[in-house]
Structure formats: structure tokens, C-alpha cells
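What follows is a set of notes on a single structure, which appears directly below.
We're numbering straight along the sequence, starting at 1. The structure displayed is predicted, hence computed values, not measured ones. All values below were derived from every heavy atom in this structure, side-chain atoms included, with hydrogens, water molecules and symmetry-related copies excluded.
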Amino acid sequence: MRRFLTLFCLGLLAFAGMAHAAVDEIPEGEENPYVISPVTVKLKNPDPVKARETALNQAVEEGFTRMLRALTAQSAWNRFDEVRNHVSYNDALEKFNILEEKTGREYELTLELTFNRDLMRKALQDLGIPFSEVGAGPVLVLPLMDDSDKGLMLWQEENPWRDALYNAANTKAGLVRFILPIGDPKEMMMLTAEMAAFGAGDMINEVAHGYAADEVVVPRLRVTERMGRRVLDVEATWYGKKAIDPVVLELPYPEDMTLAAAVNMAAEKLIFSLEDAWRDIYLLTFDQPGSMMLSYKVKTLPELLQMQERITSVPIVQKVWLRSVNRTDAMFQVDYFGETSRFATLALEKGLNIFNTGEEWQVALQSDMPKAEAPAEATTLTIPQVTETPIFP
């Protein structure tokens with residue numbers, strides 16, 4: 001028995017040095033914002049010797065910008081030159097795959113670009129630029145438009161808001177995978193434009209289930225007049241599992257602008273703003289680092305490693321260290337960014353409960369928590385905050 005305990009503990013300790021390895025990988029099943037694809041470059045009358053090199057350089061520059069737009073909020077986009085000065089394209093690019101290449105009078109190159117995650121994370125952290133890596137998808141978009149002549153439009157083919165959102169979702173989105181509904185007879189009967197306008201959440205979510213979408217957004221577009229000038233009003237309401245604030249935009253619609261141009265402009269700005277709303281949930285901010293010790297009741301080595309992976313998969317976690325371990329207990333040090341209440345709340349999304357026994361903070365799987373003992377205020381935990389530099393080994 002003593003030999004078994006010794007081997008068990010030695011086995012646990014052998015993995016202690018790997019306790020933070022999982023944080024360097026994008027969790028399985030989530031979109032990787034460091035992989036940009038496809039990126040297509042076209043060159044007219046190219047130099048046949050330098051065509052590929054020229055196209056590759058242009059593609060990397062475009063892909064780099066698309067990656068930064070996916071990671072950061074619009075408020076940080078004016079700082080992209082700082083990032084470019086801090087890290088070169090050559091260093092940032094980890095690898096590329098040629099998806100398609102066409103030669104002739106017009107050269108065309110389509111690539112998949114993979115950028116170095118560790119390098120980009122460090123650059124953004126050094127510059128103090130908040131970012132988020134957690135994407136979403138599919139997110140269903142129900143394009144609701146108030147037309148002065150035709151009234152409310154949702155499923156109609158002549159709905160210009162639908163076409164504009166479809167194009168923006170496929171060309172401007174980076175962090176979230178937005179999809180537009182097909183609009184089959186069943187969906188039309190299930191959800192009318194009037195029902196969508198009045199917020200029939202049950203029916204809206206029912207339509208989303210057909211697309212395996214946990215989140216839905218209903219953006220309503222109207223042309224109004226305010227203080228003697230014409231404007232576009234957009235109010236986008238979210239439905240689904242997460243509580244996300246509505247996105248409200250007021251955009252100029254000058255007399256010399258066509259409706260098509262105005263709607264396309266609104267769709268592009270809305271897609272960026274919707275991604276900002278999603279990104280805010282998981283944003284990594286560097287002005288409030290935290291560090292805490294979490295105790296875990298050990299059952300088996302595989303379960304210990306699985307717990308380690310779950311903790312590291314919480315989006316705002318920076319590092320997880322296995323500080324001590326014995327036959328029944330393990331102690332993790334968790335370093336993270338942002339407020340501690342967000343850490344506890346986001347841990348719940350990974351199936352974890354963080355609670356206080358009166359002597360220490362513990363972490364356990366939600367499935368292992370007796371219902372009577374589960375903390376009622378799990379989403380509003382008050383956890384001691386370390387505002388100084390996190391503890392590193």
C-alpha cells in the first residue's frame with residue numbers, strides 16, 4: 001500500500017511541470033483567431049519571377065490586420081501601427097498553406113495563414129491592448145427592417161438589410177461566425193416579422209435550434225429623421241444562453257447617399273459592434289492581474305489532469321501551476337487577467353464551481369457538487385484580489 005501511494009504521488013509530481021502547458025493552446029472546438037483563411041491576393045500583369053513573393057507579402061499584411069481586428073475591440077484599432085512596430089510580419093507568421101494559385105495575365109494566390117499565438121499575446125500584453133480569443137458560432141442573425149412602403153420585412157427576398165448583413169458577416173467578421181437563415185416555409189410560419197419585432201424569444205430561439213445556434217441576434221433597421229437630418233437607427237437585441245447588452249447605433253444617412261450604400265455601411269458597422277459586444281465577455285485586460293490558490297480533491301491522476309485542463313481553458317486565465325499534491329489533495333495557483341468575479345463566472349461555463357469552505361478556496365466539477373451544497377451566489381463570488389504582479393515561480 002505504501003509503495004502504491006509513493007508511486008501515485010510521484011506520478012502526480014511528474015506532471016507538475018506541465019501544469020500550465022494547456023494554456024498555450026486554443027481549447028478544442030473553439031475557433032482559432034490566429035488562423036486567417038482564406039486570404040486572396042490578385043496581381044495584374046505580374047512579374048512571373050516575383051509574383052508569388054509579392055502576393056505572399058500582401059497577403060501576410062492583410063491577414064495580420066484581419067487577425068488584430070478579430071482579437072481587439074474597435075477602440076484599439078487606431079493602435080495597430082504600434083503593434084506592427086512592436087512585432088514584424090516575418091516573426092508573427094508561423095506558417096502558411098497555399099490553398100489555390102492561378103497564373104497568367106492575372107496572378108491569384110489564396111492562402112491560409114497561421115500567426116504565432118505566444119508572440120502576439122506577448123506583444124498585445126506589452127502594449128497594454130486588451131484582447132479576446134474566444135469566438136462564437138454559429139450566431140443566427142434575423143434581419144428585421146422597417147420599410148416605409150412595405151412595412152416590417154424579415155423573410156422577403158427584396159429585403160436589402162438581409163443581403164447587406166450576409167455580405168458583411170462573410171467579409172468583415174473575424175471572431176464570431178454569423179449566419180443568416182434560409183427562410184423556408186416552416187421558419188416563416190413559426191416566426192413572423194411582427195413576432196420578431198415584439199421579442200418572441202421562444203420562437204426566435206426555436207428557429208435558432210434548427211441551425212445549432214445557441215445565440216441569436218435580431219438587428220432592426222429603420223430610417224428616421226432627427227433634428228432635421230436623415231439617420232439610420234439600428235437596434236440589435238440578443239437572445240440565447242448569454243446575457244449580452246443590446247447594440248444601438250445611430251448612423252448618418254445624407255441626402256446624396258443611396259439606400260443600398262447606407263444599408264451596407266450600417267451592416268459593416270453593426271457586425272464590428274456585435275463582435276465587440278461578444279468580445280467584452282472574455283476580454284483580457286492587463287491593468288488588474290489576479291492570483292489565487294485553489295484546492296482540489298484528488299481522486300485519480302487522469303482526473304487531476306482533466307481539472308488542470310479545464311481551469312486553463314477559462315478564457316481570462318494566464319497560467320495554472322500545480323504547487324503541491326498528495327494522495328487526496330492538490331493545490332493549483334491560478335494567475336488570470338481582469339476581475340476575480342469574472343474568473344468565477346467564466347469558470348462556470350467550463351463546468352467548474354469555485355467555493356469557500358471557510359478555510360480555503362476549492363474548485364470542483366459542477367457534476368460533483370451536491371445540489372444542497374452548491375453555492376447559490378456562484379456568479380457573484382467575492383474572491384480576494386491580488387492587484388500586484390501575479391506570483392510566478
Side-chain angles (χ1 to χ4, degrees), residues 26-33 35-40 66-67 69-71 74 99 112 132-145 152-193 195-197 199-221 234-247 249 263-282 349:
I26 297 293
E28 185 177 352
E30 293 186 4
E31 298 291 330
N32 189 341
V35 177
I36 308 299
S37 178
V39 180
T40 300
R66 284 171 55 181
M67 172 191 61
R69 285 193 171 189
L71 291 169
Q74 293 180 75
L99 303 180
E112 177 185 82
S132 173
E133 299 175 336
V134 181
V139 173
L140 185 65
V141 180
L142 297 176
L144 189 63
M145 180 174 180
L152 281 172
M153 292 195 298
L154 175 59
W155 304 111
Q156 291 88 334
E157 290 184 7
E158 63 270 22
N159 181 355
W161 188 220
R162 174 189 177 87
D163 293 337
L165 285 169
Y166 176 83
N167 291 331
N170 283 279
T171 59
K172 303 302 180 183
L175 193 65
V176 180
R177 183 162 63 91
F178 296 104
I179 60 172
L180 277 292
I182 297 171
D184 62 29
K186 180 181 177 182
E187 292 172 340
M188 294 181 190
M189 292 181 63
M190 186 184 304
L191 182 70
T192 66
M195 293 169 65
D202 289 347
M203 291 298 98
I204 289 171
N205 286 316
E206 187 64 28
V207 173
H209 289 162
Y211 297 88
D214 290 332
E215 307 298 329
V216 194
V217 63
V218 182
R220 184 173 182 174
L221 174 71
V234 182
E235 183 175 357
T237 305
W238 294 81
Y239 298 86
K241 295 183 176 180
K242 299 185 184 298
I244 306 176
D245 291 335
V247 172
L249 302 176
V263 171
N264 286 332
M265 172 194 66
E268 179 177 321
K269 291 185 179 296
L270 177 65
I271 289 298
F272 290 145
S273 297
L274 290 174
E275 289 205 326
D276 273 358
W278 175 268
R279 188 183 289 106
D280 282 347
I281 304 173
Y282 304 102
E349 292 188 5

For the backbone of [Y] and the side chain of [X], can you confirm whether one donor and one acceptor N or O come within less than 3.5 Å of each other?
X	Y	value
W155	L191	yes
R279	A70	yes
E215	A213	no
E206	D202	no
R162	M145	no
Y239	A200	no
W238	W278	no
E268	M265	no
E275	V176	yes

Roughly how far, to the nearest 0.5 Å, is [atom2] of [Y] from [atom1] of [X]?
X	Y	atom1	atom2	value
D280	I244	CG	CD1	9.5 Å
M195	L154	CE	CG	10.5 Å
Y166	L180	OH	CG	8.0 Å
D276	I271	CG	CD1	11.5 Å
I179	N170	CD1	CG	10.5 Å
R66	L71	CZ	CG	12.5 Å

(request) For V207 and V216, run side chain to side chain contact (heavy atoms under 4.5 Å, CB included): C-alpha distance rounded to whole Å, both residues' side-chain angles, the deciding distance at 0.1 Å, then the answer. (result) CA-CA 9 Å; V207 173; V216 194; over 6 Å; no
Which heavy-atom pair separates [X] from [Y] by the least distance, and what is that distance?
X	Y	result
F178	L274	CZ-CB, 3.8 Å
P143	P181	CD-CD, 4.4 Å
A193	L144	O-CD1, 3.7 Å
P33	L175	CB-CD1, 4.5 Å
P160	V263	O-CG1, 3.7 Å
A208	L140	CA-CD2, 3.7 Å

(request) Given side chain to side chain contact (heavy atoms under 4.5 Å, CB included), test V134 with I281 step by step and report yes or no. (result) CA-CA 9 Å; V134 181; I281 304 173; over 6 Å; no
(message) Before you tell me yes or no, could you show the steps for L152 and R220 under side chain to side chain contact (heavy atoms under 4.5 Å, CB included), namely the whole-Å CA-CA distance, both residues' side-chain angles and the distance that decides it to 0.1 Å?
(response) CA-CA 9 Å; L152 281 172; R220 184 173 182 174; 3.9 Å; yes
(request) Would you mind reporting whether W161 and M153 have side-chain heavy atoms less than 4.5 Å apart? (result)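 They are not in contact (no side-chain heavy atoms under 4.5 Å apart), so the answer is no.
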(request) Return yes when atom CD of E157 has more than 12 non-hydrogen atoms of other residues, nucleotides or ligands closer than 6.0 Å, and no otherwise. (result)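 At most 12 heavy atoms, drawn from other residues, nucleotides or ligands, come within 6.0 Å of this atom.
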